[in-house]
Amino acid sequence: MDRIQKIKGFADIFGIEASKFVTIETAARTIFPRYGFEELRLPLLEKTELFAKSIGEETDVVGKEMYTFPDRKNRSLTMRPEATAGMCRAFIENKMHKQGKVSKLFTFGPMFRYERPQKGRMRQFHQLDVEIFAAPEPAADAELILMLTSFLEQLGLKNLSVELNSLGCAKCRPLYRKALVDFYNSLATDSLCADCSRRKESNPLRVLDCKVPECKELVQNAPLVTEHLCTECQEHFIQVQNILSVAGLKYTLNPRLVRGLDYYQRTTFEVVSGDIGAQSSVAGGGRYDGLIKTLGGGDICATGFAIGMERIALLMDELEPQTPDFYIAVVDDNAVEPALLLAQTLRAAGKSGICDFVKGSMKSRMRAADKSGAEYALILGNDEIANNTVTLKYMGKTGDAQEQQTVDRNKILEFM
RNA sequence: GUGGGUGUAGCUCAGUUGGUAGAGCACUUGGUUGUGGCCCAAGUGGCCGAGGGUUCAAGUCCCUUCACUCACCCCA
């Protein structure tokens, strides 16, 4: 009989990997609130149009990567491919906007994209997502970047680089876009790679990012966004940079940094690692001032970022596994029950430990105690049952100091 | 969606010109009375990813398929 196996690109996360996720989530819940962020828990399923409207019909994510299917009443639903759209929807729907007040929210959990899996890229993957609503100031962008880098640092990640760019606004971006398309059209036909000639109209910014050497070469002379920003955008961008510099953050300006989702405007940034393979982007985000309005909310601006949890897990040091305080070795049949009760009282007192469910030979039980990594082995057999005692042995590596004593079972805690 | 690589014991991998499977680690049990780690011994454990073909004979050769993996693409 064929065994049922998990579907491609979906993972069971357990052991060390699971504890890394817990560490990341705990750090988020500790650090983000220090900046005034509150946690928001979002549904995994949304109406398809939410993503179509926000991310953009023409993007790869919406065009070919979404898990979309009809429900029983034939409504089109989609497993969220990212969190920002849902955050905006929730923000609008729950009327979270308060006049003149900034809202800071974060969430985390699984996202779904139908892509070919590879290192750092799963079909179900996990993101930490952070958004600030109603703060147009460059300081909001800067604070986000500072919080992000400090968060990653506190998780022990090293050798990361921050790349920064501005994509302009609804006013100046179309002009830049046109300048780019004009530039591509001025090139000899077929000089760009197949992918690029396909996307030079649909997503001209992406061409700047192409890895094909010939394209890279040609694109050297392409017009840069930063040269086409309107004065407002330029001013905004400069202020973001100023704050980051004052804060002492090292970053690289990358005028070719492009975001794949349509809603980004002005500030965009990415945190990149050279140590995790081709999917090197660990976190990314930026400003998306028009999105709330597109989704039927007020004229409220927004900025945010997302962190790829699997990707930072790849960069985290292995965590020391937790070892128990005790292991109760049961040496005679009638000791099983007392052993379980003893374990319960120890746990009630805050100790952690494992207890045999059946009796075994002394040797095998001591081996098990050793393997468990427990600090103490508690031996329970006929002798101990008769005298209401327990034998307590320290399992440390101090070879010859055979620390062992038989003590009153009710007073065991005094010896541990 | 396109390429490349890999599927043999729980894990990491050997397997020679085709002759019905091996190592290390792990696991279990021992090395006399109720004491772990080190050492020694024995033992458990494999439809050699699946299906078909060639052959007296296939882990090994051929075809198909599935899975995993890396990269393109895309993105966090």
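Chain A is the first sequence line, chain B the second, and so forth, proteins listed ahead of strands; every chain is numbered from 1. These figures come from a predicted structure and were not determined experimentally.
- A donor-acceptor contact under 3.5 angstrom links the side-chain atoms of A:Lys393 to the base of B:U35.
- B:A76 atom P lies 15 Å from atom CD of A:Gln118, rounded to whole Å.
- Among the atoms of the strands shown, none is found under 4.0 Å from any heavy atom of A:Gly285.
- Among the atoms of the strands shown, none is found under 4.0 Å from any heavy atom of A:Glu82.
- Not a single donor-acceptor contact under 3.5 angstrom links the side-chain atoms of A:Arg365 to the base of B:U35.
- For the pair A:Lys371 and B:C27, the criterion of a side-chain N or O lying under 4.0 Å from OP1 or OP2 is met.
- Among the protein residues, A:Phe305 comes within range of no part of the nucleic acid, since none of its heavy atoms lies under 4.0 Å from any strand.
- Within 3.5 Å, no donor on the side chain of A:Glu115 pairs with an acceptor on the base of B:G1, nor the reverse.
- Secondary-structure annotation of RNA chain B gives the stems B:1-7 with B:66-72, B:10-13 with B:22-25, B:27-31 with B:39-43, B:49-53 with B:61-65, with a stem taken as at least 3 successive Watson-Crick or G-U pairs whose two distances both fall under 3.5 Å.
- Within 4.0 Å of A:Ile312, counting heavy atoms only, lies no atom of the nucleic acid at all.
- No contact: A:Lys64 has no heavy atom under 4.0 Å from any strand.
- Side-chain contact check for A:Phe106 versus A:Ile132: every heavy-atom pair is 4.5 Å or farther apart.
- Contact annotation for A:Asp129: no contact, since no heavy-atom pair falls under 4.0 Å across all strands.
- Judged by atom type and distance alone, A:Arg367 does not reach the base of B:C27 through any side-chain donor-acceptor pair under 3.5 Å.
- Side-chain contact annotation: A:Thr78 with A:Thr68, donor-acceptor N/O pair under 3.5 Å present.
- The residue A:Val282 sits close only to the backbone: its heavy atoms come under 4.0 Å of sugar-phosphate atoms, none of a base.
- No option in A:Phe415, A:Tyr327, A:Tyr394, A:Phe326 other than A:Tyr394 meets the ring pair (Phe, Tyr, Trp, His ring centres under 6.0 Å) test with A:Tyr376.
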